[in-house]
Protein chains: 2
Amino acid sequence: MNKGTPREIVGRRTRPAKAPLSRDVIVSTALDILERDGLAGLSLRRVATALDTGAASLYVYLANLDELHALMLDAALAAVQLPKARGLPWRNRLKKFLLSYLQVLYERPGLAQLAMSTIAAGPNSLRIWEGMLVLLTEGGVEDGKAAWGVDLLILYVTAIAAEQSNWRGQDQGLGRVKSALSAVSKDEFPLVFAIKETLLSGGNNRAEWALDAIIDGLLGARKPSASKARGKGGKE
Amino acid sequence: MNKGTPREIVGRRTRPAKAPLSRDVIVSTALDILERDGLAGLSLRRVATALDTGAASLYVYLANLDELHALMLDAALAAVQLPKARGLPWRNRLKKFLLSYLQVLYERPGLAQLAMSTIAAGPNSLRIWEGMLVLLTEGGVEDGKAAWGVDLLILYVTAIAAEQSNWRGQDQGLGRVKSALSAVSKDEFPLVFAIKETLLSGGNNRAEWALDAIIDGLLGARKPSASKARGKGGKE
DNA sequence: ACCTGAACACCGTTCAAGT
DNA sequence: ACCTGAACACCGTTCAAGT
């Protein structure tokens, strides 16, 4: 992130007693805390303490906690593997892309929840959007469908990651899901009872299965707006 | 919710100076607060104040805030319109069902966010699960597919409601999305630039379009597990 | 311009003490 | 058994004061 105008070393010992603050250090410190302690453990005060300062100091670089969240999300999304130049068919590349996105969200707990409540509009989010639009367009999906389609795919990936994150949420854990399911009455909810195990099964394949289903649906789906060749919105 | 063993009126004036606490009053008071002030305005202390007591008193009826959230969600889901006995084709009934679910989440701000972070396992959630499984089964979707399919549909509905709720989130609002999009560079992200308006368009039809796409995908999707006619799980 | 301590107005949860 | 006040250990954000 440093623009890097080369600088001479000024002091003998380059161990600044206190690293100078900046958006970048704040964001990466916050991501460290998120990784270690989850979303519940993340606060401006903790970030400030980790940087050996007070929370008020952060307000020079951030408007508020929401902005930190948005910056964290976009910074984390830098790790998403963008699709390589053509080689595999578009659909395989799209799936790899989406699974990479999913994995990034999975890896650090809390990031997915953050993604659900934050409007991501930084450069990395935009790169991801653009990349997916390219692939869908390459796959022959029309403009309108592609836009809504990317939104649908990203929303699903984010949601499934957030859901899984909850289940791993330190205190409650998967246990609560299991005990809730095991208490289901066979007489009252026979079908739910019957699919109890299926519901917990699947693991990694589950998301891939769902993404396949959504992509299939997208390919078959009708165009978003009335199909008139591009009229100015005249009704009928 | 009253089981209603008939009771004689005891006092002359039946205006209890203080309504007795119970899970039900706590939950419905909390839902009122959610409706008025959103998720950010909801706290145990506020619920307690509204009930003219202290936060500590609530712990007789609730293990913690998480439990209140779960109870609130399930209580709110009572408003979801279950599908009527057969009449319309299963697919229409499924869509109506899902749209009713969506509407309930839309109606009170914060409920969807709550749904994303809470494991819903109360009677109303189970009724909804059971109802959807019935419809998919009626539609000829196999068992395994039906289970994952309901999960996919519900997750999507919840996620899209939560996303919309964020955009309406009092302070930031839709404005932030718009300004973020209008700042998109035409040269760097041409496809995103091109679909800016499409992205914001759609409103109600959008969710319906997406649900159609997902259902289509579901109907075409392969079965979750290996497709052997129902072996006991022997591999190959 | 940047940083700071102290304050303000909140949180969830616990606990000893009351009835 | 139920309720309570006070306390504990936190929050985000603001602001006057320092450099």
Side-chain angles (χ1 to χ4, degrees), chain A residues 10 16-27 29-34 36-73 110 113-114 117-119 166 169-173 176, chain B residues 10 16-27 29-34 36-73 110 113-114 117-119 166 169-173 176:
Chain A
V10 172
K18 210 162 142 183
L21 286 183
S22 73
R23 268 166 101 99
D24 281 356
V25 272
I26 292 171
V27 170
T29 304
L31 281 172
D32 286 348
I33 292 175
L34 183 72
R36 193 160 36 263
D37 303 322
L39 196 56
L42 178 76
S43 72
L44 285 176
R45 288 176 118 107
R46 295 259 289 234
V47 174
T49 303
L51 291 168
D52 197 23
T53 183
S57 304
L58 305 182
Y59 283 82
V60 178
Y61 304 93
L62 303 169
N64 51 38
L65 181 62
D66 265 7
E67 188 169 274
L68 177 60
H69 284 166
L71 293 170
M72 289 171 69
L73 178 59
Q113 280 122 297
L114 212 153
S117 66
T118 301
I119 295 146
N166 289 338
Q170 47 258 37
D171 43 342
Q172 45 193 28
R176 214 152 88 176
Chain B
V10 171
K18 209 161 141 182
L21 287 182
S22 71
R23 267 165 102 99
D24 281 355
V25 273
I26 292 171
V27 170
T29 304
L31 281 171
D32 287 348
I33 292 175
L34 184 71
R36 190 156 42 263
D37 303 321
L39 197 55
L42 179 76
S43 72
L44 283 176
R45 287 175 118 106
R46 294 261 288 236
V47 173
T49 303
L51 290 168
D52 198 22
T53 182
S57 305
L58 304 182
Y59 283 82
V60 177
Y61 303 94
L62 304 169
N64 51 36
L65 182 62
D66 265 7
E67 188 169 274
L68 177 59
H69 284 165
L71 292 170
M72 287 171 71
L73 179 59
Q113 281 122 295
L114 212 154
S117 65
T118 300
I119 295 148
N166 289 338
Q170 45 260 38
D171 43 342
Q172 44 194 31
R176 214 152 87 175

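Each chain gets a letter, A, B and so on, in the order the sequences are listed, and its residues count up from 1.
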Is any side-chain heavy atom of [X] closer than 4.5 Å to a side-chain heavy atom of [Y]?
X     : Y      : value
B/H69 : B/Q113 : no
A/L68 : A/L58  : no
A/I26 : A/L71  : no

Considering just the side-chain nitrogens and oxygens of [X], establish if one lies under 4.0 Å of OP1 or OP2 belonging to [N].
X     : N      : value
B/S57 : D/dT4  : yes
A/Y59 : C/dT4  : no
A/S43 : D/dC11 : yes

### Partner of A/L73 by side chain to side chain contact (heavy atoms under 4.5 Å, CB included), out of A/V27, A/T118, A/L31
A/T118
Round to the nearest Å and state the distance from [X] atom [atom1] to [N] atom [atom2].
X     : N      : atom1 : atom2 : answer
A/L62 : C/dC2  : CG    : P     : 13 Å
B/N64 : C/dC15 : CG    : P     : 15 Å
B/L21 : D/dC3  : CG    : P     : 5 Å
A/L58 : D/dG12 : CG    : P     : 10 Å
A/L39 : D/dC11 : CG    : P     : 13 Å
A/L65 : D/dG12 : CG    : P     : 6 Å
B/L42 : C/dC10 : CG    : C1'   : 14 Å
A/R23 : C/dC2  : CZ    : C1'   : 16 Å

### Query
With rounding to whole Å, what would you report as the distance between C/dA9 and D/dC10 at their P atoms?
22 Å
When you get a sec, tell me which of [options] is the closest nucleotide to the side chain of [X]?
X     : options                : value
A/A56 : C/dT13, D/dT13, D/dT14 : D/dT14
A/R45 : D/dT14, D/dT4, C/dA7   : C/dA7
B/T53 : D/dT4, D/dT14, C/dT13  : D/dT4

Working to the nearest 0.5 angstrom, can you tell me the gap between [X] [atom1] and [Y] [atom2]?
X     : Y     : atom1 : atom2 : answer
B/D32 : B/D37 : CG    : CG    : 10.5 Å
A/L51 : A/S57 : CG    : OG    : 9.5 Å
A/Y59 : A/E67 : OH    : CD    : 11.0 Å

### Task
On DNA chain C, check which nucleotide each of B/A55 and A/V60 is closest to and give me the residue with the more 5' one.
A/V60
### Query
With nearest nucleotides of DNA chain D determined for A/A63 and A/R46 from heavy-atom distances, which residue corresponds to the more 5′ nucleotide?
A/R46
### Summary
Secondary structure of DNA chain C per the Watson-Crick/G-U criterion (both distances under 3.5 Å; [ ] crossing, | other strand, . unpaired) is ||.|||||...|||||.||
